[in-house]
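Report on the following structure.
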Amino acid sequence: MTPAPLGFGIIGAGTIAGFHAQALAQLDGGRLVGVASRALANARQVADKHGVFATADLTALLARPDLHIVCITTPSGAHLEPALAAIRAGKHVVIEKPIEITPARADQILDASDRAGVKVVPIFQGRFGDGARTVKAALDTGRLGRLVLASAYVKWHRTAQYYTGYRGTLALDGGGAVINQAIHGLDLLQWFAGLPSEVFAWTTRCVHTGIEAEDTAAATLKFPGGALGAFEASTALWPGWSRRIELCGEHGSLALEDDRIARWEFRNARPEDEAIRTGGAANALGSGASDPKAINTEGHRRQLQDLVDALLAGRAPALDGREGRKAVAFVNAIYESADRGAPVKLS
């Protein structure tokens, strides 16, 4: 347990760093103390808005005694090195999704954190939405009965200008629409239904043909309990639709669009069902379907607040690194299947 307020640092000063900084400004028991980026001007752009320290020297940030937690907001394939540096410095680590671009690289971070006794928390803010938690509770109490179909659809739009710099590269982005945009939907799907036991996938470039990675993917899924499912993802569509997750069972079926419950139907009705259906217009987390900047900070705030509360209370956070690794394994199975042209089993 560490006395409040807990000091946060941000490593990386791209677009998502601003969302972290805004979320940190809303926390109880936590505050931003510094920002580090290899480009000092970029670090200052974020830091100056919040009146905190800016540096191009990662060691200088990690040496601060008022720093307890770092948020890593570098490109996905550049999470490993700053995460290991922070862990060696004894800091807890928040990593913008995914933890890393392969399970092996993620494992290096997780194994190091276990040895150091610090926490690793991957950002999957969708799990902290009211709609998602309502769905999870229904599944955990068995309202759907035996699960029959479990599917995720992430049909989004990104402009050609979006794919500049590292976007869409294999080394730094780790892939395209699957690992960058659809991973939130895949994480929710496996949180609800469990990891599939087998996937058979295809990937392609339909519109963004100049990038290394895919702009479109589809897969069939088989779950350990016998349920089947489908997965579709793209950044090549216009105008971009809400992310949709469908879960259908022997006693009920539901659909979640972003964090809004769009369908909620059960063989055995309960008094609270009508309120859940009529309250389905709310979506406090925003949507990145057409614009990556259209999400808001509420999901990040909720997840970061949970981490602060957990550290101050001496409990585990609601979402830890081992749980977050599952989405990386799911993504990599999709990519492996598409590369091999054959089904891939997840262990």
Side-chain angles (χ1 to χ4, degrees), residues 6 8 10-12 14-30 32 46 69-76 79 83 92-100 106 119-137 152-154 156 177-192 233 240 242-245 256-261 282-311 316-328 330-331:
L6 299 179
F8 282 79
I10 296 176
I11 301 173
T15 299
I16 199 64
F19 286 90
H20 280 253
Q22 293 174 51
L24 291 170
Q26 303 172 61
L27 295 187
D28 294 325
L32 179 63
V46 178
I69 308 160
V70 296
C71 296
I72 296 177
T73 60
T74 56
S76 300
H79 288 169
H92 303 291
V93 181
V94 174
I95 307 181
E96 186 58 47
K97 57 77 189 167
I99 297 175
E100 250 289 353
K119 306 293 186 188
V120 172
V121 171
I123 289 291
F124 281 117
Q125 73 270 26
R127 294 198 189 195
F128 293 80
D130 296 335
R133 293 198 160 190
T134 300
V135 169
K136 178 64 171 171
Y153 307 98
V154 186
W156 283 10
V178 178
I179 196 167
N180 197 307
Q181 285 76 29
I183 192 169
H184 285 291
L186 292 173
D187 177 69
L188 284 173
L189 183 64
Q190 72 84 19
W191 188 43
F192 295 148
S242 295
R243 179 186 65 218
R244 185 177 175 93
I245 294 175
L256 185 71
E257 292 189 347
D258 292 325
D259 194 51
R260 181 182 68 88
I261 293 176
N283 180 21
L285 307 189
S287 174
S290 301
D291 180 357
K293 298 180 181 179
I295 64 170
N296 59 44
T297 60
E298 178 60 15
H300 284 77
R301 185 201 67 78
R302 292 183 186 186
Q303 185 167 5
L304 292 170
Q305 186 66 61
D306 172 77
L307 174 59
V308 168
D309 293 345
L311 292 174
L319 173 56
D320 65 14
R322 296 290 172 190
E323 181 65 18
R325 181 192 185 278
K326 294 177 182 178
V328 181
F330 199 167
V331 166

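The CG atom of L304 sits 8.0 Å away from the CD1 atom of I69 when rounded to the nearest 0.5 Å. Atom CZ of F124 is separated from atom CD of Q190 by 8.5 Å, given to the nearest 0.5 angstrom. Rounding to the nearest 0.5 angstrom, the gap separating the CD1 atom in I261 from the CG atom in L256 is 6.5 Å. Rounded to the nearest 0.5 Å, atoms CD (E96) and OG (S76) are 8.5 Å apart. Taking NE2 of H20 as the reference point, atom OG1 of T15 lies at 11.5 Å (rounded to 0.5 Å). Distance check: C71 SG to L24 CG gives 5.0 Å after rounding to the nearest 0.5 Å.
For the side chain to side chain contact (heavy atoms under 4.5 Å, CB included) test, residues two or more places apart in sequence or in another chain that qualify with V331 are V178, I179, I183, L186, Y335. Checked against side-chain hydrogen bond (donor to acceptor under 3.5 Å, both in side chains), K119 has no partners two or more places apart in sequence or in another chain. The ring pair (Phe, Tyr, Trp, His ring centres under 6.0 Å) search around F330 returns none, not counting sequence neighbours. By the side chain to side chain contact (heavy atoms under 4.5 Å, CB included) test, A318 pairs with F128, R133, D306, sequence neighbours left out. Residues passing the side-chain hydrogen bond (donor to acceptor under 3.5 Å, both in side chains) test with Q181, sequence neighbours excluded: Y162. Considering only residues two or more places apart in sequence or on other chains, H79 meets the side-chain hydrogen bond (donor to acceptor under 3.5 Å, both in side chains) condition with none of them. The salt bridge (charged side-chain N to carboxylate O under 4.0 Å, His left out) check on R127 picks up D187, E323, with sequence neighbours excluded. Not counting sequence neighbours, the partners of T297 by the side chain to side chain contact (heavy atoms under 4.5 Å, CB included) test are F19, Q22, A23, Q26. For K293, there are no salt bridge (charged side-chain N to carboxylate O under 4.0 Å, His left out) partners two or more places apart in sequence or in a different chain. Contacts of A152 classified as side chain to side chain contact (heavy atoms under 4.5 Å, CB included), with partners at least two apart in sequence or in another chain: L189, F231, I245. In this view, E100 and R105 satisfy the salt bridge (charged side-chain N to carboxylate O under 4.0 Å, His left out) rule, not counting sequence neighbours. Applying the side-chain hydrogen bond (donor to acceptor under 3.5 Å, both in side chains) criterion to E298, with sequence neighbours excluded, gives R301, R302.
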Could you go through H92 and V121, starting from their C-alpha distance and side-chain angles, then the distance that decides it, and tell me whether this counts as side chain to side chain contact (heavy atoms under 4.5 Å, CB included)? CA-CA 8 Å; H92 303 291; V121 171; over 6 Å; no
The test is side chain to side chain contact (heavy atoms under 4.5 Å, CB included); show your working for I11 and T74 and say whether it passes. CA-CA 7 Å; I11 301 173; T74 56; 4.3 Å; yes
If you apply the rule side chain to side chain contact (heavy atoms under 4.5 Å, CB included), what do you find for H300 with I295, and how did you get there? CA-CA 10 Å; H300 284 77; I295 64 170; 4.3 Å; yes
Does the pair I10 and V70 meet the rule for a side chain to side chain contact (heavy atoms under 4.5 Å, CB included), with working shown? CA-CA 6 Å; I10 296 176; V70 296; over 6 Å; no
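Residues G324 and L319 come closest through the heavy atom pair N-CD1, 4.2 Å. For Q303 against P122, the heavy-atom pair with the smallest separation is NE2-O, 2.7 Å. Closest approach of A132 and W191 over heavy atoms only: O-CZ3, 4.1 Å. Between D259 and G126, the shortest heavy-atom distance links the atoms OD1-O, 4.4 Å. When all heavy atoms of L32 and A21 are compared, the closest pair comes out as CD2-CB, 4.1 Å. Of all the heavy atoms in A289 and S242, the pair that sits closest is CB-N, 4.3 Å.
Without hydrogens or angle criteria, D258 side chain to R243 main chain gives a donor-acceptor distance under 3.5 Å. A donor-acceptor pair under 3.5 Å is absent between the side-chain atoms of T73 and the main chain of I16, judged by distance alone. With K136 contributing its side chain and L188 its backbone, the two residues share no donor-acceptor pair below 3.5 Å.
Contact check for V94 versus I123: side-chain heavy atoms found under the 4.5 Å cut-off.
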